[in-house]
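Structure first, commentary second.
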Amino acid sequence: MNSFLHAEPRDQVMLVRIESSRLTADVAHRIFAEVLQTMSGAPALLLDFRSVEFMDSTAIGELVLLGKKLRADGTAYAIAGLKPPLMSLITMMRLDQIMHFGENVDSALEWLNQSLAMGTRNP
Amino acid sequence: MQILIVEDDVALRRAFTAMLEKWGYEVVQAADGEEAWQLLQRQPIHFLLSDWVMPRLDGVELCRRLRSAELPHYVYVILLTGKDQTDDLIMALEAGADDFLTKPVNARELRVRIKAGERVLRLEKALLAKNQELQQANRKLESSQQRIQRDLQAAAKIQQDLLPISRQTGLPIDLAWALMPAEELAGDIFNFYPLDERHLGFYLIDVSGHGVPAAMLAVHLAKTLSVEPRPDSLVHLPRNRLDNARNRASLGFFRLGRRKTPDTVPGSKSFRNPVEVVTHLNENLQADDRNMMYFTMIYGIIDTLSGQGSLCQAGHPYPLLCRGDGSIEWLGVGGFPVGLLPNADYQAIDFQLQPGDRLLLYSDGVTECPNEENIQFGADRLGQSLCAMRFLPLEETMQQIKKALIAWHSPSADAVSFSDDISLLLIELCAQS
(Lines give C-alpha, C1' and ligand atoms only; values in the text may rest on other atoms or scores of the structure.)
Protein backbone atom coordinates (compact mmCIF):
# COMPACT_ATOMS: atom_id res chain seq x y z
CA MET A 1 0.00 0.00 0.00
CA ASN A 2 1.37 3.43 -0.84
CA SER A 3 1.61 6.34 1.60
CA PHE A 4 -1.39 8.26 0.15
CA LEU A 5 -4.07 5.63 0.74
CA HIS A 6 -5.27 3.38 3.51
CA ALA A 7 -7.78 0.75 2.41
CA GLU A 8 -9.82 -1.66 4.53
CA PRO A 9 -12.84 -3.74 3.53
CA ARG A 10 -16.08 -3.22 5.49
CA ASP A 11 -18.35 -6.05 4.39
CA GLN A 12 -19.24 -5.22 0.80
CA VAL A 13 -17.71 -1.76 0.93
CA MET A 14 -14.05 -0.95 0.37
CA LEU A 15 -13.25 1.96 2.69
CA VAL A 16 -10.34 3.98 1.30
CA ARG A 17 -8.92 6.88 3.29
CA ILE A 18 -7.00 9.53 1.34
CA GLU A 19 -4.01 10.38 3.49
CA SER A 20 -2.71 13.33 1.51
CA SER A 21 -3.78 16.75 2.82
CA ARG A 22 -3.41 18.38 -0.61
CA LEU A 23 -4.93 16.88 -3.73
CA THR A 24 -3.46 18.76 -6.65
CA ALA A 25 -2.80 18.30 -10.36
CA ASP A 26 0.57 16.67 -9.54
CA VAL A 27 -0.84 13.75 -7.58
CA ALA A 28 -4.60 13.47 -8.06
CA HIS A 29 -4.55 11.32 -11.21
CA ARG A 30 -2.16 8.80 -9.65
CA ILE A 31 -4.01 8.68 -6.33
CA PHE A 32 -7.39 8.05 -7.94
CA ALA A 33 -5.89 5.44 -10.28
CA GLU A 34 -4.58 3.68 -7.17
CA VAL A 35 -8.00 3.95 -5.54
CA LEU A 36 -9.39 1.91 -8.43
CA GLN A 37 -6.62 -0.68 -7.98
CA THR A 38 -7.55 -1.19 -4.31
CA MET A 39 -11.13 -2.12 -5.20
CA SER A 40 -10.29 -5.76 -6.03
CA GLY A 41 -13.85 -6.55 -7.04
CA ALA A 42 -15.67 -4.94 -4.10
CA PRO A 43 -19.18 -3.82 -5.14
CA ALA A 44 -18.93 -0.44 -3.38
CA LEU A 45 -16.36 2.22 -2.55
CA LEU A 46 -16.36 4.74 0.26
CA LEU A 47 -13.72 7.45 -0.05
CA ASP A 48 -12.81 9.03 3.28
CA PHE A 49 -11.69 12.63 2.64
CA ARG A 50 -11.35 13.74 6.26
CA SER A 51 -7.57 14.37 5.90
CA VAL A 52 -7.89 16.41 2.73
CA GLU A 53 -7.52 20.14 3.33
CA PHE A 54 -7.14 21.39 -0.24
CA MET A 55 -8.17 20.30 -3.72
CA ASP A 56 -7.31 22.24 -6.85
CA SER A 57 -9.54 22.37 -9.90
CA THR A 58 -7.68 19.53 -11.64
CA ALA A 59 -8.17 17.26 -8.61
CA ILE A 60 -11.91 18.01 -8.64
CA GLY A 61 -12.01 17.09 -12.32
CA GLU A 62 -10.16 13.85 -11.56
CA LEU A 63 -12.70 13.04 -8.84
CA VAL A 64 -15.55 13.47 -11.33
CA LEU A 65 -13.69 11.24 -13.77
CA LEU A 66 -13.25 8.58 -11.07
CA GLY A 67 -17.01 8.76 -10.43
CA LYS A 68 -17.69 8.22 -14.14
CA LYS A 69 -15.45 5.14 -14.20
CA LEU A 70 -17.07 3.66 -11.10
CA ARG A 71 -20.51 4.33 -12.52
CA ALA A 72 -19.51 2.62 -15.79
CA ASP A 73 -18.30 -0.40 -13.80
CA GLY A 74 -21.56 -0.53 -11.84
CA THR A 75 -19.74 0.21 -8.58
CA ALA A 76 -21.65 2.12 -5.91
CA TYR A 77 -19.60 4.88 -4.29
CA ALA A 78 -19.79 7.70 -1.82
CA ILE A 79 -17.49 10.31 -0.33
CA ALA A 80 -17.30 11.10 3.36
CA GLY A 81 -15.82 13.72 5.63
CA LEU A 82 -15.23 16.55 3.18
CA LYS A 83 -14.16 19.74 4.99
CA PRO A 84 -16.70 22.63 4.85
CA PRO A 85 -14.72 24.87 2.43
CA LEU A 86 -14.34 21.96 0.01
CA MET A 87 -18.02 21.06 0.45
CA SER A 88 -18.93 24.66 -0.46
CA LEU A 89 -16.91 24.27 -3.65
CA ILE A 90 -18.68 20.98 -4.43
CA THR A 91 -22.08 22.62 -3.85
CA MET A 92 -21.12 25.57 -6.05
CA MET A 93 -20.25 23.10 -8.82
CA ARG A 94 -23.38 21.07 -8.03
CA LEU A 95 -21.33 17.91 -7.86
CA ASP A 96 -23.44 16.90 -4.84
CA GLN A 97 -26.15 16.17 -7.41
CA ILE A 98 -24.11 13.48 -9.13
CA MET A 99 -22.26 11.96 -6.16
CA HIS A 100 -23.25 11.18 -2.58
CA PHE A 101 -21.35 13.16 0.06
CA GLY A 102 -21.82 11.90 3.61
CA GLU A 103 -20.93 14.00 6.63
CA ASN A 104 -18.89 11.18 8.08
CA VAL A 105 -17.86 7.60 7.36
CA ASP A 106 -20.73 6.05 9.38
CA SER A 107 -23.51 7.98 7.64
CA ALA A 108 -21.97 7.41 4.21
CA LEU A 109 -21.56 3.68 4.96
CA GLU A 110 -25.21 3.50 5.97
CA TRP A 111 -26.24 5.19 2.73
CA LEU A 112 -24.05 2.85 0.67
CA ASN A 113 -25.37 -0.28 2.40
CA GLN A 114 -28.95 0.88 1.85
CA SER A 115 -28.16 1.53 -1.82
CA LEU A 116 -26.67 -1.94 -2.18
CA ALA A 117 -29.66 -3.52 -0.42
CA MET A 118 -32.09 -1.65 -2.67
CA GLY A 119 -30.06 -2.39 -5.78
CA THR A 120 -29.66 1.32 -6.52
CA ARG A 121 -26.29 2.79 -7.18
CA ASN A 122 -25.53 6.48 -7.39
CA PRO A 123 -27.58 9.67 -7.36
CA MET B 1 51.25 7.06 -25.68
CA GLN B 2 53.88 9.76 -25.80
CA ILE B 3 56.12 10.22 -22.76
CA LEU B 4 58.40 13.22 -22.30
CA ILE B 5 61.59 12.30 -20.45
CA VAL B 6 63.42 15.25 -18.90
CA GLU B 7 66.92 14.38 -17.69
CA ASP B 8 70.15 16.43 -17.89
CA ASP B 9 72.31 13.32 -17.64
CA VAL B 10 72.63 12.17 -21.26
CA ALA B 11 73.46 8.55 -20.42
CA LEU B 12 70.54 8.24 -18.04
CA ARG B 13 68.21 9.93 -20.54
CA ARG B 14 69.22 7.43 -23.22
CA ALA B 15 68.77 4.51 -20.82
CA PHE B 16 65.25 5.71 -19.87
CA THR B 17 64.42 6.24 -23.55
CA ALA B 18 65.51 2.72 -24.51
CA MET B 19 63.52 1.23 -21.64
CA LEU B 20 60.35 3.19 -22.40
CA GLU B 21 60.55 2.43 -26.13
CA LYS B 22 60.96 -1.24 -25.28
CA TRP B 23 57.70 -1.02 -23.33
CA GLY B 24 55.98 0.42 -26.41
CA TYR B 25 55.93 4.11 -25.61
CA GLU B 26 56.84 6.93 -27.98
CA VAL B 27 59.52 9.00 -26.25
CA VAL B 28 60.27 12.71 -26.54
CA GLN B 29 63.45 13.95 -24.86
CA ALA B 30 64.42 17.17 -23.14
CA ALA B 31 67.72 18.02 -21.42
CA ASP B 32 66.25 20.35 -18.78
CA GLY B 33 63.00 21.91 -17.48
CA GLU B 34 63.12 24.90 -19.81
CA GLU B 35 63.41 22.76 -22.93
CA ALA B 36 60.60 20.50 -21.60
CA TRP B 37 58.39 23.53 -20.96
CA GLN B 38 58.85 24.69 -24.59
CA LEU B 39 57.90 21.21 -25.84
CA LEU B 40 54.88 20.95 -23.53
CA GLN B 41 53.48 24.20 -24.87
CA ARG B 42 53.81 23.06 -28.48
CA GLN B 43 52.89 19.40 -28.36
CA PRO B 44 49.93 17.57 -26.82
CA ILE B 45 52.08 15.53 -24.44
CA HIS B 46 50.11 13.91 -21.61
CA PHE B 47 52.83 12.14 -19.65
CA LEU B 48 55.96 13.66 -18.10
CA LEU B 49 58.85 11.80 -16.43
CA SER B 50 61.19 14.39 -15.02
CA ASP B 51 64.38 14.55 -13.00
CA TRP B 52 64.31 16.88 -9.98
CA VAL B 53 67.69 18.63 -10.04
CA MET B 54 68.51 20.15 -13.43
CA PRO B 55 70.13 23.33 -14.78
CA ARG B 56 68.01 26.35 -15.91
CA LEU B 57 64.61 24.99 -14.70
CA ASP B 58 64.38 22.15 -12.16
CA GLY B 59 61.65 19.48 -11.97
CA VAL B 60 59.69 21.10 -9.12
CA GLU B 61 59.59 24.50 -10.87
CA LEU B 62 58.56 22.79 -14.13
CA CYS B 63 55.67 21.20 -12.22
CA ARG B 64 54.57 24.55 -10.79
CA ARG B 65 54.72 26.22 -14.19
CA LEU B 66 52.76 23.36 -15.73
CA ARG B 67 50.01 23.47 -13.12
CA SER B 68 49.58 27.23 -13.30
CA ALA B 69 49.36 27.14 -17.10
CA GLU B 70 45.97 26.57 -18.69
CA LEU B 71 46.82 23.69 -21.01
CA PRO B 72 43.78 22.16 -22.75
CA HIS B 73 44.57 18.72 -21.30
CA TYR B 74 45.96 17.18 -18.15
CA VAL B 75 49.67 16.21 -17.92
CA TYR B 76 50.52 13.37 -15.56
CA VAL B 77 53.87 14.00 -13.82
CA ILE B 78 56.26 11.57 -12.15
CA LEU B 79 59.23 13.25 -10.49
CA LEU B 80 62.49 11.31 -10.25
CA THR B 81 65.09 12.19 -7.65
CA GLY B 82 67.93 10.94 -5.58
CA LYS B 83 66.29 12.49 -2.54
CA ASP B 84 64.26 10.29 -0.30
CA GLN B 85 62.98 12.59 2.36
CA THR B 86 59.37 13.08 3.41
CA ASP B 87 59.76 16.86 3.11
CA ASP B 88 60.88 16.45 -0.50
CA LEU B 89 57.93 14.21 -1.26
CA ILE B 90 55.55 16.82 0.17
CA MET B 91 57.24 19.61 -1.79
CA ALA B 92 56.99 17.61 -5.06
CA LEU B 93 53.32 16.79 -4.57
CA GLU B 94 52.52 20.36 -3.54
CA ALA B 95 54.21 21.61 -6.70
CA GLY B 96 51.77 19.49 -8.70
CA ALA B 97 53.54 16.17 -9.24
CA ASP B 98 51.27 13.13 -9.34
CA ASP B 99 53.86 10.60 -8.29
CA PHE B 100 57.41 10.42 -6.96
CA LEU B 101 60.21 7.90 -7.58
CA THR B 102 63.67 7.75 -6.04
CA LYS B 103 66.78 6.95 -7.97
CA PRO B 104 68.12 4.48 -8.73
CA VAL B 105 64.84 3.65 -10.37
CA ASN B 106 63.57 0.11 -10.19
CA ALA B 107 62.39 -0.70 -13.74
CA ARG B 108 59.43 -2.85 -12.65
CA GLU B 109 58.28 -0.19 -10.20
CA LEU B 110 58.56 2.54 -12.87
CA ARG B 111 56.54 0.43 -15.28
CA VAL B 112 53.64 -0.15 -12.86
CA ARG B 113 53.63 3.53 -11.89
CA ILE B 114 53.42 4.55 -15.54
CA LYS B 115 50.52 2.08 -15.93
CA ALA B 116 48.81 3.69 -12.92
CA GLY B 117 49.31 7.11 -14.54
CA GLU B 118 47.81 5.83 -17.78
CA ARG B 119 44.69 4.74 -15.88
CA VAL B 120 44.38 8.24 -14.40
CA LEU B 121 44.77 9.77 -17.86
CA ARG B 122 42.14 7.46 -19.34
CA LEU B 123 39.73 8.51 -16.58
CA GLU B 124 40.59 12.14 -17.17
CA LYS B 125 39.98 11.72 -20.90
CA ALA B 126 36.60 10.03 -20.28
CA LEU B 127 35.68 12.76 -17.80
CA LEU B 128 36.66 15.44 -20.30
CA ALA B 129 34.49 13.82 -23.00
CA LYS B 130 31.58 13.57 -20.56
CA ASN B 131 32.10 17.16 -19.54
CA GLN B 132 32.06 18.29 -23.15
CA GLU B 133 28.87 16.31 -23.71
CA LEU B 134 27.29 17.96 -20.67
CA GLN B 135 28.40 21.41 -21.81
CA GLN B 136 26.91 20.75 -25.22
CA ALA B 137 23.66 19.49 -23.66
CA ASN B 138 23.63 22.52 -21.39
CA ARG B 139 24.04 24.87 -24.34
CA LYS B 140 21.16 23.10 -26.11
CA LEU B 141 19.03 23.38 -22.95
CA GLU B 142 19.83 27.07 -22.55
CA SER B 143 18.97 27.70 -26.16
CA SER B 144 15.77 25.68 -25.83
CA GLN B 145 14.88 27.50 -22.61
CA GLN B 146 15.41 30.86 -24.32
CA ARG B 147 13.21 29.76 -27.21
CA ILE B 148 10.47 28.55 -24.84
CA GLN B 149 10.70 31.82 -22.92
CA ARG B 150 10.39 33.82 -26.15
CA ASP B 151 7.44 31.65 -27.24
CA LEU B 152 5.75 32.10 -23.87
CA GLN B 153 6.21 35.85 -24.04
CA ALA B 154 4.78 35.91 -27.57
CA ALA B 155 1.86 33.72 -26.46
CA ALA B 156 1.27 35.97 -23.45
CA LYS B 157 1.13 38.96 -25.81
CA ILE B 158 -1.47 37.17 -27.96
CA GLN B 159 -3.45 36.42 -24.83
CA GLN B 160 -3.22 40.04 -23.70
CA ASP B 161 -4.53 41.11 -27.10
CA LEU B 162 -7.66 39.03 -26.50
CA LEU B 163 -8.51 40.99 -23.36
CA PRO B 164 -10.71 44.08 -23.56
CA ILE B 165 -9.00 47.04 -25.19
CA SER B 166 -11.32 49.87 -24.29
CA ARG B 167 -14.06 50.48 -21.76
CA GLN B 168 -15.97 52.35 -24.48
CA THR B 169 -18.79 50.12 -25.65
CA GLY B 170 -21.18 52.80 -26.87
CA LEU B 171 -23.58 51.61 -24.16
CA PRO B 172 -24.48 53.40 -20.91
CA ILE B 173 -22.22 51.13 -18.93
CA ASP B 174 -18.83 51.51 -17.27
CA LEU B 175 -16.28 48.71 -16.98
CA ALA B 176 -12.99 48.00 -15.24
CA TRP B 177 -10.90 44.84 -15.16
CA ALA B 178 -7.68 43.22 -14.04
CA LEU B 179 -5.73 40.08 -14.87
CA MET B 180 -2.73 38.95 -12.85
CA PRO B 181 -1.55 35.54 -14.16
CA ALA B 182 0.20 33.06 -11.86
CA GLU B 183 2.63 32.21 -14.69
CA GLU B 184 3.45 33.83 -18.03
CA LEU B 185 0.24 32.47 -19.48
CA ALA B 186 -3.14 32.57 -17.82
CA GLY B 187 -5.94 30.01 -17.74
CA ASP B 188 -8.32 32.87 -16.96
CA ILE B 189 -9.84 34.99 -19.68
CA PHE B 190 -12.69 37.50 -19.86
CA ASN B 191 -14.24 39.99 -22.21
CA PHE B 192 -17.35 42.08 -22.89
CA TYR B 193 -18.93 43.53 -26.00
CA PRO B 194 -22.05 45.25 -27.22
CA LEU B 195 -24.34 42.64 -28.77
CA ASP B 196 -26.54 45.31 -30.32
CA GLU B 197 -27.51 48.91 -29.57
CA ARG B 198 -28.65 48.11 -26.01
CA HIS B 199 -27.31 44.72 -24.86
CA LEU B 200 -23.92 44.04 -23.34
CA GLY B 201 -22.52 40.52 -23.39
CA PHE B 202 -19.80 39.60 -20.90
CA TYR B 203 -18.00 36.54 -19.61
CA LEU B 204 -15.23 35.41 -17.31
CA ILE B 205 -13.68 31.96 -17.66
CA ASP B 206 -11.26 30.00 -15.46
CA VAL B 207 -9.75 26.93 -17.15
CA SER B 208 -8.66 24.15 -14.78
CA GLY B 209 -4.91 23.78 -14.39
CA HIS B 210 -2.26 26.25 -15.48
CA GLY B 211 0.34 26.85 -18.13
CA VAL B 212 0.24 26.33 -21.86
CA PRO B 213 -2.65 23.80 -22.16
CA ALA B 214 -4.96 25.94 -19.99
CA ALA B 215 -3.94 29.10 -21.87
CA MET B 216 -4.54 27.48 -25.26
CA LEU B 217 -8.04 26.43 -24.23
CA ALA B 218 -8.63 29.95 -22.86
CA VAL B 219 -7.61 31.46 -26.20
CA HIS B 220 -9.83 29.01 -28.07
CA LEU B 221 -12.76 29.99 -25.85
CA ALA B 222 -12.09 33.70 -26.35
CA LYS B 223 -12.25 33.14 -30.11
CA THR B 224 -15.40 31.02 -29.81
CA LEU B 225 -17.08 33.70 -27.72
CA SER B 226 -15.95 36.48 -30.01
CA VAL B 227 -18.71 38.88 -30.97
CA GLU B 228 -17.32 39.30 -34.47
CA PRO B 229 -19.87 38.11 -37.01
CA ARG B 230 -18.18 34.84 -37.94
CA PRO B 231 -19.92 31.64 -39.04
CA ASP B 232 -18.68 29.86 -35.90
CA SER B 233 -19.38 32.66 -33.41
CA LEU B 234 -21.23 31.12 -30.53
CA VAL B 235 -22.77 34.31 -29.18
CA HIS B 236 -24.80 34.94 -32.34
CA LEU B 237 -27.73 32.87 -33.43
CA PRO B 238 -27.19 30.95 -36.68
CA ARG B 239 -28.74 32.71 -39.68
CA ASN B 240 -31.53 30.11 -40.23
CA ARG B 241 -32.58 30.24 -36.57
CA LEU B 242 -32.52 34.01 -36.67
CA ASP B 243 -34.87 34.07 -39.66
CA ASN B 244 -37.23 31.57 -37.98
CA ALA B 245 -37.18 33.61 -34.80
CA ARG B 246 -38.01 36.80 -36.66
CA ASN B 247 -40.88 35.05 -38.41
CA ARG B 248 -42.18 33.75 -35.10
CA ALA B 249 -41.77 37.20 -33.51
CA SER B 250 -43.85 38.66 -36.32
CA LEU B 251 -46.54 36.09 -35.51
CA GLY B 252 -46.54 37.09 -31.87
CA PHE B 253 -43.92 34.65 -30.47
CA PHE B 254 -41.36 36.14 -28.20
CA ARG B 255 -38.89 33.56 -26.92
CA LEU B 256 -35.78 32.50 -28.73
CA GLY B 257 -34.24 30.20 -26.09
CA ARG B 258 -34.93 26.57 -25.21
CA ARG B 259 -38.32 26.17 -23.57
CA LYS B 260 -36.91 24.81 -20.33
CA THR B 261 -34.53 27.76 -20.13
CA PRO B 262 -36.71 30.75 -20.90
CA ASP B 263 -35.13 33.74 -22.53
CA THR B 264 -35.14 36.40 -19.87
CA VAL B 265 -33.66 39.32 -21.75
CA PRO B 266 -36.45 41.17 -23.47
CA GLY B 267 -36.34 42.60 -26.91
CA SER B 268 -35.72 41.26 -30.39
CA LYS B 269 -32.33 39.58 -30.37
CA SER B 270 -29.85 38.10 -32.75
CA PHE B 271 -27.79 36.44 -30.05
CA ARG B 272 -28.00 33.37 -27.90
CA ASN B 273 -29.02 33.67 -24.27
CA PRO B 274 -26.43 32.76 -21.58
CA VAL B 275 -27.81 29.28 -20.88
CA GLU B 276 -27.68 28.42 -24.57
CA VAL B 277 -24.11 29.64 -24.89
CA VAL B 278 -22.92 27.64 -21.87
CA THR B 279 -24.88 24.55 -22.93
CA HIS B 280 -23.32 24.67 -26.40
CA LEU B 281 -19.85 24.95 -24.93
CA ASN B 282 -20.53 22.02 -22.58
CA GLU B 283 -21.78 19.84 -25.38
CA ASN B 284 -18.75 20.53 -27.55
CA LEU B 285 -15.88 20.48 -25.06
CA GLN B 286 -16.04 17.37 -22.91
CA ALA B 287 -12.94 16.45 -20.92
CA ASP B 288 -11.71 12.90 -21.24
CA ASP B 289 -9.24 10.67 -19.44
CA ARG B 290 -6.29 11.87 -21.50
CA ASN B 291 -7.25 15.51 -21.44
CA MET B 292 -8.53 16.35 -17.97
CA MET B 293 -9.44 19.93 -18.78
CA TYR B 294 -12.63 21.73 -18.06
CA PHE B 295 -13.53 25.26 -17.07
CA THR B 296 -15.81 27.31 -14.91
CA MET B 297 -17.45 30.41 -16.27
CA ILE B 298 -20.03 33.12 -16.00
CA TYR B 299 -21.65 34.29 -19.19
CA GLY B 300 -24.17 37.10 -18.96
CA ILE B 301 -26.14 39.69 -20.89
CA ILE B 302 -27.39 43.05 -19.61
CA ASP B 303 -30.03 45.17 -21.25
CA THR B 304 -28.40 48.52 -20.53
CA LEU B 305 -31.63 50.44 -21.11
CA SER B 306 -33.80 48.55 -18.62
CA GLY B 307 -30.98 47.28 -16.37
CA GLN B 308 -32.44 43.80 -16.67
CA GLY B 309 -29.82 41.08 -16.86
CA SER B 310 -29.42 37.35 -17.09
CA LEU B 311 -26.41 35.19 -16.49
CA CYS B 312 -25.42 31.56 -16.33
CA GLN B 313 -23.16 30.34 -13.54
CA ALA B 314 -21.19 27.26 -14.53
CA GLY B 315 -19.17 26.03 -11.55
CA HIS B 316 -17.82 29.54 -11.10
CA PRO B 317 -17.77 31.66 -7.92
CA TYR B 318 -20.98 33.57 -7.25
CA PRO B 319 -21.00 37.01 -8.93
CA LEU B 320 -21.03 39.82 -6.41
CA LEU B 321 -23.54 42.64 -6.69
CA CYS B 322 -22.90 45.79 -4.69
CA ARG B 323 -25.99 47.99 -4.65
CA GLY B 324 -25.79 51.76 -4.69
CA ASP B 325 -26.90 51.79 -1.04
CA GLY B 326 -23.94 49.60 -0.02
CA SER B 327 -25.82 46.33 0.39
CA ILE B 328 -24.27 43.16 -1.02
CA GLU B 329 -25.96 40.37 -2.95
CA TRP B 330 -24.48 37.15 -4.25
CA LEU B 331 -26.03 36.01 -7.49
CA GLY B 332 -26.56 32.41 -8.50
CA VAL B 333 -27.20 29.06 -6.89
CA GLY B 334 -24.26 27.14 -8.32
CA GLY B 335 -24.02 25.23 -11.57
CA PHE B 336 -22.03 22.47 -13.22
CA PRO B 337 -18.61 23.36 -14.62
CA VAL B 338 -18.31 23.22 -18.40
CA GLY B 339 -16.77 20.12 -19.95
CA LEU B 340 -17.18 17.65 -17.08
CA LEU B 341 -20.68 16.29 -17.52
CA PRO B 342 -22.38 15.81 -20.88
CA ASN B 343 -26.05 16.85 -20.93
CA ALA B 344 -25.67 19.02 -17.84
CA ASP B 345 -28.64 21.35 -17.29
CA TYR B 346 -27.86 25.01 -16.74
CA GLN B 347 -30.02 27.64 -15.20
CA ALA B 348 -30.61 31.30 -16.01
CA ILE B 349 -30.06 33.73 -13.14
CA ASP B 350 -32.01 36.95 -13.63
CA PHE B 351 -31.03 40.19 -11.97
CA GLN B 352 -31.95 43.83 -12.13
CA LEU B 353 -29.35 46.61 -12.07
CA GLN B 354 -30.07 50.19 -11.05
CA PRO B 355 -27.70 53.01 -12.01
CA GLY B 356 -24.81 52.95 -9.52
CA ASP B 357 -25.08 49.22 -8.86
CA ARG B 358 -21.85 47.35 -9.47
CA LEU B 359 -21.53 43.74 -10.61
CA LEU B 360 -18.23 41.97 -10.01
CA LEU B 361 -17.13 38.74 -11.69
CA TYR B 362 -13.93 37.17 -10.36
CA SER B 363 -12.00 33.92 -10.52
CA ASP B 364 -11.43 31.71 -7.47
CA GLY B 365 -7.80 32.89 -7.50
CA VAL B 366 -9.16 36.10 -5.91
CA THR B 367 -11.12 34.63 -3.02
CA GLU B 368 -8.64 31.78 -2.46
CA CYS B 369 -5.61 34.09 -2.54
CA PRO B 370 -3.65 33.13 0.60
CA ASN B 371 -1.72 35.46 2.90
CA GLU B 372 1.48 34.55 4.74
CA GLU B 373 -0.54 32.65 7.40
CA ASN B 374 -2.31 30.76 4.59
CA ILE B 375 -5.62 32.52 5.31
CA GLN B 376 -7.66 33.09 2.16
CA PHE B 377 -8.73 36.57 1.07
CA GLY B 378 -12.30 35.25 1.06
CA ALA B 379 -15.55 36.29 -0.55
CA ASP B 380 -16.68 38.39 2.43
CA ARG B 381 -13.53 40.53 2.40
CA LEU B 382 -13.93 40.98 -1.36
CA GLY B 383 -17.55 42.09 -0.93
CA GLN B 384 -16.69 44.47 1.88
CA SER B 385 -13.82 45.98 -0.15
CA LEU B 386 -16.06 46.47 -3.15
CA CYS B 387 -18.82 48.17 -1.17
CA ALA B 388 -16.44 50.30 0.88
CA MET B 389 -15.13 51.76 -2.39
CA ARG B 390 -18.48 52.25 -4.10
CA PHE B 391 -18.06 56.05 -4.19
CA LEU B 392 -14.71 55.86 -5.97
CA PRO B 393 -14.59 55.88 -9.77
CA LEU B 394 -14.84 52.35 -11.16
CA GLU B 395 -11.26 52.16 -12.46
CA GLU B 396 -9.89 53.43 -9.15
CA THR B 397 -11.97 50.84 -7.31
CA MET B 398 -10.39 48.13 -9.46
CA GLN B 399 -6.88 49.46 -8.77
CA GLN B 400 -7.62 49.49 -5.02
CA ILE B 401 -8.86 45.89 -5.11
CA LYS B 402 -5.68 44.88 -6.97
CA LYS B 403 -3.56 46.67 -4.38
CA ALA B 404 -5.49 45.00 -1.54
CA LEU B 405 -4.87 41.56 -3.07
CA ILE B 406 -1.17 42.22 -3.60
CA ALA B 407 -0.79 43.53 -0.05
CA TRP B 408 -2.71 40.52 1.28
CA HIS B 409 -0.63 37.99 -0.63
CA SER B 410 2.88 39.35 -0.17
CA PRO B 411 3.06 42.60 1.81
CA SER B 412 6.87 42.67 1.85
CA ALA B 413 7.82 41.12 -1.50
CA ASP B 414 9.03 43.28 -4.37
CA ALA B 415 7.75 40.99 -7.10
CA VAL B 416 4.35 39.43 -6.47
CA SER B 417 3.85 35.89 -7.67
CA PHE B 418 0.33 34.56 -7.18
CA SER B 419 -0.30 30.83 -6.88
CA ASP B 420 -3.40 31.03 -9.09
CA ASP B 421 -4.55 33.35 -11.85
CA ILE B 422 -6.37 36.42 -10.62
CA SER B 423 -9.02 37.92 -12.85
CA LEU B 424 -11.68 40.54 -12.12
CA LEU B 425 -14.35 42.19 -14.26
CA LEU B 426 -16.38 45.01 -12.77
CA ILE B 427 -19.52 46.39 -14.43
CA GLU B 428 -21.53 49.46 -13.44
CA LEU B 429 -24.75 50.61 -14.98
CA CYS B 430 -24.62 54.35 -15.65
CA ALA B 431 -27.48 56.78 -15.17
CA GLN B 432 -29.26 57.55 -18.44
CA SER B 433 -28.62 61.07 -19.64
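In what follows, every chain begins at residue 1, and chains take the letters A, B, ... in the order their sequences are listed.
Each of B:Asp364, B:Asp206, B:Thr296, B:Val333 has some count of heavy-atom pairs under 4.5 Å with chain A, and the biggest count is that of B:Val333. When each of A:Thr58, A:Thr91, A:Thr24 is scored by its heavy-atom pairs under 4.5 Å with chain B, the top score falls to A:Thr58. Of the residues considered (B:Ser208, B:Gly339, B:Gly335), B:Gly335 shows the highest number of contacts with chain A, using heavy-atom pairs under 4.5 Å.
Heavy atoms from other residues, nucleotides or ligands lying under 6.0 Å from CD of B:Gln149 number more than 12. Few gaps surround CE on A:Met87; more than 12 heavy atoms of other groups in view lie less than 6.0 Å from it. Crowding of A:Asp11 atom CG: a count of heavy atoms from other residues, nucleotides or ligands under 6.0 Å not exceeding 12.
With a 4.5 Å cut-off on side-chain heavy atoms, B:Tyr294 and A:Ser57 count as touching. The shortest distance between side-chain heavy atoms of B:His316 and A:Met93 does not fall below 4.5 Å.
Remark: B:Leu340 CG to A:Ile60 CD1 distance equals 9.0 Å, nearest 0.5 Å.
Looking at A:Lys68, its side chain never comes within 3.5 Å of a backbone N or O of B:Leu341 through a donor-acceptor pair. Listed for the A:Arg94 side chain is a donor-acceptor partner under 3.5 Å among the backbone atoms of B:Gly334.
Looking at B:Glu368, only its side chain comes within 4.5 Å of chain A, counting heavy atoms on both sides.
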